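Okay, so here's the structure we're looking at.
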2 protein chains.
Amino acid sequence: MPYNKTNYKPSVTVDCVVFGLDKSADVRVLLIKRAYEPYQNSWAIPGGFIKENETLDAAAQRELEEETGVRNIFIEQLYTFGNLNRDPRGHIISVAYFALINLEEHPTSAATDAKEAQWFKLSELPELAFDHSEILDIAIKRLDSKVRYQPIGFELLPEKFTLSELQSLYETILGRALNRRNFRSKILKMDILEQLERQKDVPHRPAFLYKFNKEKYEELSNNGFEFAISPPKERH
Amino acid sequence: MPYNKTNYKPSVTVDCVVFGLDKSADVRVLLIKRAYEPYQNSWAIPGGFIKENETLDAAAQRELEEETGVRNIFIEQLYTFGNLNRDPRGHIISVAYFALINLEEHPTSAATDAKEAQWFKLSELPELAFDHSEILDIAIKRLDSKVRYQPIGFELLPEKFTLSELQSLYETILGRALNRRNFRSKILKMDILEQLERQKDVPHRPAFLYKFNKEKYEELSNNGFEFAISPPKERH
DNA sequence: TCAAAAGTGTTTAGTTTACACCCATGC
DNA sequence: GCATGGGTGTAAACTAAACACTTTTGA
């Protein structure tokens, strides 16, 4: 097939599903209220058209920064959506990304670009514009399965965290209670956390703070180590 | 941001990385020799531009059928590539898919669309056009990690297969030897295979043939069952 | 002294690994 | 009868799960 200068060119957007953790260890997703038609005033996943001479990753970073003021966070490509009727303006292909941030270090308010932005609990999602519900569903599934096999949970926490915070995060995402002692020994045995000082000014026994040792993880990972939090097994 | 009719539109292609298993249980990938510039006569992953009113999945299916004559096989989206310099003709975004077929049921020769097509062993890959080496690398990684957690290996085998064939497949993809007895008991305990009749006309004790019971797998899968072939663990 | 969360050890069940010999068939 | 791959059982090591009480702090 010779190159055909008149080959069909669709529009291409990038959309970023941004997840964060709130104070009570609930996962939230950042949505914006659309300022223009179509779907004016509907909630949507932040995103926009790619520009000339811009890579997909760069577009995702740019949109994310424009919408939320955040940069240098964990971001990775999720899936590309190309159904014909997903946008009333015509055939618009969307390359979706998913991003994880720590809400405390990047507070809600820091948004926006003249649009209203808000963090929604996954249990209290509004109706979304376009096929964004579908995109969000896929992002949630990806978060869920990724969290089991890769230590991405740390991206959602502050740099220093307690084991209880880490456990709450896993319990929220996995949707089930974990045994405290077993969780602690499992995580600590992996030897990818660095113990720091204790908490201060808490109205109970202060917990040790930890940070994720990424170098150590990568070293272990190259030697066949697998980070895995498995589903519960039935006992007989 | 109001809709801008002059928004930038790149070209969009789909490329299909097709894996198959040869007689000696080696994984092979289907490549085509390019008939036109750029990269004329270079080997490349089959693919092409999407058409008006065509979804990405449909384009992938179409290209696959045009290049190989194959339809109704396992295919899923892999990743979308959008670097600026990946194609000398300009900014061309490629949505890559990866597909698995059983070489015996869809023999090599069935190709092509006036292009030369050939199955290459992963250990004997030629230089590839564009950024196709990168795409192929990512596809191989995906195959490797997917095979561990999802029963996709069956897509590469004929409908009826022996446990030894299944084991060879896993050994090839995982790149390590597996203990025969342990592999057998592990797979059989999962209870996702259906035992059929024995082989015939083989110069040794005939093995039982099995087929993958997809319904059963899905049922178990919904109940939290995980298909997993884990990496070797060190003993002390 | 109370409330609240941190921290810890052991037993048991289940799973994974390693290992060697006999079996059925075609030639 | 021999070469080829098919098929099987078990003990030992390890891992995962279940479980309850004591500690430290601020209020």
Side-chain angles (χ1 to χ4, degrees), chain A residues 23-25 148-149 157 160-172 174 176-211 220 224-236, chain B residues 23-25 148-149 157 160-172 174 176-211 220 224-236:
Chain A
K23 293 263 181 198
S24 46
R148 294 183 142 82
Y149 299 115
L157 291 171
K160 301 177 179 184
F161 50 84
T162 66
L163 290 181
S164 298
E165 287 166 343
L166 185 63
Q167 182 175 347
S168 297
L169 161 61
Y170 274 94
E171 289 181 332
T172 307
L174 298 176
R176 65 195 168 91
L178 300 172
N179 179 286
R180 184 155 45 110
R181 274 175 289 194
N182 294 341
F183 180 81
R184 295 171 78 90
S185 29
K186 182 161 192 168
I187 289 283
L188 290 175
K189 184 144 61 88
M190 289 181 182
D191 200 21
I192 54 177
L193 295 186
E194 194 176 323
Q195 194 180 67
L196 306 170
E197 73 281 6
R198 282 185 180 275
Q199 281 181 313
K200 284 194 177 119
D201 299 316
V202 286
H204 54 75
R205 181 176 178 175
F208 278 107
L209 294 167
Y210 290 84
K211 73 179 230 206
L220 291 173
F225 164 79
E226 281 195 5
F227 179 92
I229 307 275
S230 33
K233 293 189 180 151
E234 285 177 40
R235 311 305 288 279
H236 299 288
Chain B
K23 294 264 182 199
S24 46
R148 294 183 143 83
Y149 300 115
L157 292 171
K160 300 176 180 185
F161 50 85
T162 66
L163 289 181
S164 298
E165 286 166 344
L166 185 63
Q167 181 176 348
S168 298
L169 161 62
Y170 274 93
E171 289 181 333
T172 308
L174 298 176
R176 63 193 168 91
L178 300 172
N179 179 288
R180 183 157 46 112
R181 272 176 289 193
N182 296 340
F183 179 81
R184 295 170 78 90
S185 25
K186 182 163 193 167
I187 288 282
L188 289 176
K189 184 144 60 88
M190 289 181 184
D191 198 23
I192 53 177
L193 295 186
E194 193 176 322
Q195 194 180 66
L196 306 170
E197 73 280 8
R198 283 184 182 274
Q199 281 179 313
K200 284 194 178 121
D201 300 316
V202 286
H204 53 74
R205 180 175 177 177
F208 279 107
L209 293 168
Y210 290 85
K211 74 178 228 203
L220 291 173
F225 164 80
E226 280 195 5
F227 179 92
I229 308 275
S230 33
K233 290 183 185 157
E234 284 176 40
R235 308 308 288 283
H236 299 288

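Nothing here was measured: the structure is a model prediction, and the numbers come from that model. Protein chains get the first letters and strands the later ones, always in sequence-line order, with residue 1 at the start of each.
Taking every side-chain heavy atom of A:Arg198 into account, C:dG7 is the closest of C:dT16, D:dG7, C:dG7. Here the nucleotide nearest the side chain of B:Asn182, chosen from C:dA6, C:dT25, C:dT17, is C:dT17.
When the nearest nucleotides of DNA chain D are assigned to B:Tyr210 and A:Pro206 by heavy-atom distance, the more 5′-ward of the two goes with B:Tyr210. Judged by closest nucleotide on DNA chain C, A:Pro203 is the one of A:Pro203 and A:Thr162 placed further toward the 5' end.
One can place CZ of B:Arg176 at 12 Å from P of C:dT16, the figure rounded to the nearest angstrom. Taking atom CZ on A:Phe208 and atom P on C:dA6, their separation rounds to 13 Å, with Å as the unit. Taking atom NZ of residue A:Lys200 and atom C1' of nucleotide D:dT24, one finds them 16 Å apart after rounding to whole Å. When the C1' atom of C:dA5 is taken as reference, atom NE2 of A:His204 falls 5 Å away, rounded to whole Å. Taking atom CZ of residue A:Phe183 and atom C1' of nucleotide C:dG9, one finds them 19 Å apart after rounding to whole Å. Rounded to whole Å, the distance from CZ on B:Arg184 to C1' on C:dC19 is 16 Å. Atom CG in B:Leu209 sits about 16 Å away from atom P in D:dG5, given to the nearest Å. Rounding to whole angstrom units, CZ of residue B:Arg205 and C1' of C:dC27 are separated by 19 Å.
Interatomic distance, A:Ile187 CD1 to A:Lys189 NZ, rounded to the nearest 0.5 Å: 11.5 Å. To the nearest 0.5 Å, atom CZ of residue A:Phe161 and atom OH of residue A:Tyr210 are 9.5 Å apart. We find the NZ-CZ distance between B:Lys186 and B:Phe227 to be 8.5 Å, quoted to the nearest 0.5 Å.
Between A:Glu165 and A:Thr162 the shortest heavy-atom distance is OE1-N, 2.9 Å.
Within 4.0 Å of B:Ser164, counting heavy atoms only, lie sugar-phosphate atoms of the nucleic acid but no base atom.
Counting atom types as modelled, A:Arg180 pairs a side-chain N or O with a base atom of C:dG7 as donor and acceptor under 3.5 Å.
The C1' atoms of five pairs define one axis at each end of the helix from C:dT1-D:dA27 to C:dC27-D:dG1, and these two axes lie 0° apart (to 10°).
When the salt bridge (charged side-chain N to carboxylate O under 4.0 Å, His left out) test is applied to B:Lys160, the partners found at least two apart in sequence or on another chain are B:Glu197.
The side chain of B:Arg181 places no N or O atom within less than 4.0 Å of a non-bridging phosphate oxygen (OP1 or OP2) of D:dA11.
Side-chain contact between B:Leu166 and B:Phe183: present, with at least one pair of heavy atoms (C-beta onward) separated by less than 4.5 Å.
Atom NZ of B:Lys211 has 12 or fewer neighbouring heavy atoms from other residues, nucleotides or ligands inside a 6.0 Å radius.
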